[in-house]
Every structure is written in structure tokens, then in C-alpha cells.
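The shown structure was predicted, so the numbers you read here are calculated from the model rather than taken from an experiment.
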Amino acid sequence: MHTSTSGFTGRERRRHYRVVGEWPVQVAAVELSGGLSEFGARVLNISMGGLLLETESAAGLVVDRVVQVAFPGAEAPVPGTVRRFLSYAEEHSQATRCGVELAELSVPEHAMWTRFVFGEARRLGQEGARRAFLARRSL
């Protein structure tokens, strides 16, 4: 049986391989008024389905908030929606972590994001982990 870092034991349930790293990003969050809140953040992992965002500025992030995340080295920002919070900033920690699900990407956006994700996997030496992930999924 596989044990993930989340403590889940059993068959791998994630649909997409995650590349673990740290990327400084700029986030634009769409406010209820239609305006944008922009702030800096970090992304701790990326996949074809989403990313884990960590920020010290919650900047009105709530579940279902639409965001655009701009990565250095990517051709364009990726659109997504905040789906769940993993931790909130508290007295002992200034960081809030949330999972962002990518929006349905256009063909050019999907191609750009695919190049970015797998280019980062290569750059960070995580190609072997991707093969292991795919093998676990088929069990």
C-alpha cells in the first residue's frame, strides 16, 4: 500500500502528477464587485489540475474565488478557482494555504501549461517521480 504525505493509505486517488517546488507568483483575485485584488504569493506544487497556493496576504480569498496566477517563466497566467483551504493564517503562522483548481483551459492555454509543468518537472529532477506516480495509479 502507498502512504502519501497526507497520511492517506491505499490506492493513489489524485488524477494528476504534482511537481513539488516553490515558485514566487503574482495572483489577481476577482472581487465580488468585479475589481481585482493583486498580491504576491508562493506556489508549493503544481499539476495539470491545479496548484497549492501559500500567501501571507489572504486578500479576500474564499472558496469559489476566481483567480489568475502568473508564474515567472510561463507564457501567460493560468486561471483557476479557490476550492479548499488547507490552513489559515493564525497567530503562530502568517501563511494561508489553499488549493486552486485550474479552470477549463483553452487549447493554447493547455499547451502552455503542459510545457510549463513538465518543463519544471525536468528542471527539478522529478521525472522519475512522475513515472512512479503513473505506476501507482494503475495498481
Side-chain angles (χ1 to χ4, degrees):
M1 291 216 161
H2 172 256
T3 302
S4 71
T5 57
S6 67
F8 172 76
T9 303
R11 183 174 174 202
E12 176 64 61
R13 296 180 351 161
R14 291 189 179 275
R15 291 179 34 214
H16 303 287
Y17 166 69
R18 291 180 296 161
V19 178
V20 177
E22 186 172 316
W23 298 266
V25 295
Q26 280 300 118
V27 178
V30 179
E31 300 297 334
L32 294 175
S33 66
L36 292 177
S37 292
E38 296 185 45
F39 56 93
R42 287 173 298 284
V43 169
L44 303 177
N45 69 51
I46 57 177
S47 75
M48 291 304 298
L51 50 94
L52 175 60
L53 182 73
E54 180 179 77
T55 180
E56 293 178 9
S57 165
L61 288 180
V62 295
V63 171
D64 294 333
R65 179 76 49 173
V66 174
V67 296
Q68 293 272 334
V69 183
F71 285 80
E75 299 165 28
V78 288
T81 304
V82 175
R83 289 297 180 207
R84 69 185 277 233
F85 282 84
L86 287 85
S87 63
Y88 292 94
E90 299 170 358
E91 285 185 32
H92 62 279
S93 168
Q94 297 299 317
T96 295
R97 289 184 176 181
C98 60
V100 174
E101 177 184 37
L102 294 185
E104 188 170 324
L105 302 175
S106 68
V107 171
E109 287 173 325
H110 190 271
M112 178 275 303
W113 187 241
T114 300
R115 283 190 301 273
F116 183 76
V117 168
F118 292 101
E120 289 299 287
R122 267 190 307 281
R123 182 181 71 80
L124 295 168
Q126 296 180 31
E127 289 177 305
R130 177 178 180 268
R131 286 188 290 277
F133 170 83
L134 293 173
R136 280 194 309 269
R137 285 207 49 169
S138 64
L139 294 178

Could you state whether [X] and [Y] fall into the same hydrophobic cluster, counting links through intermediate Ile, Leu, Val, Met, Phe, Trp or Tyr residues with side-chain heavy atoms under 4.5 angstrom apart?
X: V30; Y: L61; value: no
X: V69; Y: F85; value: yes
X: V25; Y: L36; value: no
X: L124; Y: F118; value: yes

Validation row: [X], [Y] side chains within 4.5 angstrom (heavy atoms):
X: E109; Y: E75; result: no
X: Q68; Y: V78; result: no
X: T81; Y: V63; result: no
X: T114; Y: F116; result: no

CA sep, side-chain torsions, deciding dist, call: R115, E120, salt bridge (charged side-chain N to carboxylate O under 4.0 Å, His left out): CA-CA 8 Å; R115 283 190 301 273; E120 289 299 287; over 6 Å; no
Contact summary for [X] and [Y], nearest pair of heavy atoms:
X: S47; Y: L102; answer: O-CD1, 4.0 Å
X: V117; Y: V19; answer: O-CG2, 3.8 Å
X: P77; Y: M112; answer: O-CE, 4.4 Å
X: P72; Y: P24; answer: CD-O, 2.9 Å

Distance flag, aromatic centroids of F71 and W113, threshold under 6.0 Å: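 Aromatic pair counts; centres sit under 6.0 Å.
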For R83, salt bridge (Lys or Arg N to Asp or Glu O under 4.0 Å) partners two or more places apart: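 Partners of R83 by the salt bridge (Lys or Arg N to Asp or Glu O under 4.0 Å) criterion, ordered by chain and then number, come out as D64, E101.
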State the [atom1]-[atom2] distance between [X] and [Y], to the nearest 0.5 angstrom.
X: R97; Y: E54; atom1: CZ; atom2: CD; value: 4.5 Å
X: N45; Y: L52; atom1: CG; atom2: CG; value: 5.0 Å
X: Q126; Y: R18; atom1: CD; atom2: CZ; value: 10.5 Å

Name of the residue among V100, L53, T55 meeting side-chain contact (heavy atoms from CB on, under 4.5 Å) with V43: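 It is L53, the one option of V100, L53, T55 that forms the side-chain contact (heavy atoms from CB on, under 4.5 Å) with V43.
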